[in-house]
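Chain A is the first sequence line, chain B the second, and so forth, proteins listed ahead of strands; every chain is numbered from 1.
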Amino acid sequence: MKVVSWNVNSIRARYDRVLNWLDANEPDVVCLQELKCQDGDFPYDAFSSLGYMCSVYGQKSYNGVAILSFDEPKDVVRGFGDGVDDPQARTIAATIDGVRIVDLYVPNGGKVGSDKWRYKLTWYDRLVRWLGAHCDPTQPLVVCGDFNIAPEDFDVARPDRWRDTAMCAQPGRDALARVVDWGLVDTFRQHHTEGGHYSWWDYRPPGFKGNDGLRIDQIYVTPSLAEACAAAGIDIEEREDRPGSKASDHAPIWADFEID
DNA sequence: ATGCCCGGACGTTCCGGA
């Protein structure tokens, strides 16, 4: 089972490019973030032509997540359902071929200390509680998406430049660590122990050309799936503009599992 | 110290992104 996670920065602006990538790579499960459209505007037909079923949790202009799969998605859940009045569409979960898939778009956080920053930290706390209430570290589980946190300095090309931002500030890293400590393994780090690998580059200079990258997109799994993870990677070629096809500011990340 | 580049929208400038 091949799983990909990709913050596409508008599915309507990106769907031809995403389609081409899916056609070439044939992942079994596709977790998308930042759809920036309502459910009714999602390009279902384009993806169904490649054989994908689409579970969508959209929102006008902002946020929005979706899980695409060849196999029928079961027990689809949108949002945390934790009683908090939160209109932001940032999480969707589904069971695909016996594997629970959780697709997340973690809040950006704005400036450290702002209301958005507090929302981000609170959101991480809600995620930990949600995992505790609805998931089990012994089950086959994928928790992936745009976490908007670079876990360590060697996940950042220029750590001094980013140190005190919402991507790197210690309270955010601590919040992410509490999610991982619940019982998850970073599939990319299983296969790449060295630094210097990134999944996001700002559109603004120095950006991709200046390699001012951060590794803020992750595919975490429970230990039973980690044992089955044969390979993981980041397709940085997809961060490059092509004629008539602009790139998202995020590259797709993927993990391959050998499961029956 | 700030903008740079993008996408979306009650659009012709703004907000949010990370």
Going by the rule ring-ring contact (aromatic ring centres under 6.0 Å, His included), which residues pair with A:Tyr15 if we only count those two or more places apart in sequence or in a different chain? none
Length of the CG-P vector between A:Asp115 and B:dC15, whole Å: 16 Å
Return the value, rounded to whole Å, for the distance between atom CG of A:Asn63 and atom C1' of B:dC15. 13 Å
Distance between the C1' atoms of B:dT12 and B:dG7, in whole angstroms? 16 Å
How close or far is atom C1' of B:dA1 from atom CG of A:Asp164, stated in whole angstroms? 16 Å
On the nucleotide B:dA9, are OP1 or OP2 found under 4.0 Å from the side-chain N or O atoms that A:Arg12 carries? yes
P gap between B:dG11 and B:dC15, integer Å: 14 Å
Spacing between A:His250 atom NE2 and B:dG7 atom C1', to the nearest angstrom: 13 Å
Say we look at B:dC14 and B:dC4: how far apart would their P atoms be, to the nearest angstrom? 12 Å
Set of residues satisfying ring-ring contact (aromatic ring centres under 6.0 Å, His included) with respect to A:Tyr44, sequence neighbours excluded: A:Phe42
Would you sort out whether A:Lys36 and A:Asp41 count as a salt bridge (Lys or Arg N to Asp or Glu O under 4.0 Å), showing the intermediate values? CA-CA 9 Å; A:Lys36 291 187 170 181; A:Asp41 293 325; over 6 Å; no
A:Asp146 CG - B:dG16 C1' separation (whole Å): 14 Å
Residue A:Asp241, side-chain atoms from C-beta onward, closest of B:dC6, B:dG8, B:dG17: B:dC6
Parallel, tilted or perpendicular: ring planes of A:Phe80 versus A:Trp130, cut at 30 and 60 degrees: tilted
Under 4.0 Å between any heavy atoms, over every strand shown, what does A:Asp41 touch: base, sugar-phosphate, or nothing? Just pick one. nothing
Classify the angle between the aromatic ring planes of A:Trp201 and A:Phe208 as parallel (below 30°), tilted (30 to 60°) or perpendicular (above 60°). perpendicular
Any base atoms under 4.0 Å from A:Asp202, or only sugar-phosphate, or nothing? Heavy atoms, all strands. nothing
Within less than 4.0 Å of OP1 or OP2 of B:dC5, is there a side-chain N or O belonging to A:Lys246? no
Polar atoms only, N or O, under 3.5 Å: list the protein pairs with nucleotides 10-13 of chain B and their distances.
| residue | atom | partner | partner atom | Å |
| --- | --- | --- | --- | --- |
| B:dC10 | OP2 | A:Lys60 | NZ | 3.2 |

Let me check something: do A:Leu121 and A:Tyr105 share a hydrophobic cluster, defined by ILVMFWY side-chain heavy atoms less than 4.5 Å apart, either directly or through other members? no
Nearest-angstrom distance from the residue atom CG of A:Asn9 to C1' of B:dC5: 10 Å
The answer to which of A:Tyr203 and A:Asn7 contacts DNA chain B further toward the 5' end, by nearest nucleotide, is A:Tyr203
Indicate whether OP1 or OP2 belonging to B:dG7 is found under 4.0 Å from a side-chain N or O atom of A:Arg14. yes
Would a single hydrophobic cluster contain both A:Phe70 and A:Trp6, if residues Ile, Leu, Val, Met, Phe, Trp and Tyr are joined by side-chain heavy-atom contacts under 4.5 Å? yes
Base, sugar-phosphate, or nothing for A:Leu214, non-hydrogen atoms under 4.0 angstrom? nothing
Whole angstrom value for the distance that separates P of B:dG17 from CH2 of A:Trp162: 14 Å
Describe the nucleic acid contact of A:Phe208 in one word from base, sugar-phosphate, nothing, applying a heavy-atom distance below 4.0 Å. nothing
When all nucleic acid strands are considered with a 4.0 Å heavy-atom cut-off, which category describes A:Ser61: base, sugar-phosphate, or nothing? sugar-phosphate
d(CD, A:Gln33; P, B:dG16) in whole Å: 21 Å
Taking the six-membered ring of A:Trp117, is NZ or CZ of A:Lys111 closer than 6.0 Å to its centre and within 45° of its axis? no
Which comes earlier along DNA chain B counting from the 5' end, the contact point of A:Pro205 or that of A:Cys37, where each point is its nearest nucleotide? A:Pro205
So A:Arg161, base contact, sugar-phosphate only, or nothing? Heavy-atom distance under 4.0 Å. nothing
Apply the test salt bridge (Lys or Arg N to Asp or Glu O under 4.0 Å) to residues A:Arg178 and A:Asp125: give CA-CA distance (whole Å), side-chain angles for both, the deciding distance (0.1 Å), then the verdict. CA-CA 8 Å; A:Arg178 287 193 287 276; A:Asp125 289 341; 3.7 Å; yes
P-based separation of B:dA1 from B:dG16 [nearest Å]: 23 Å
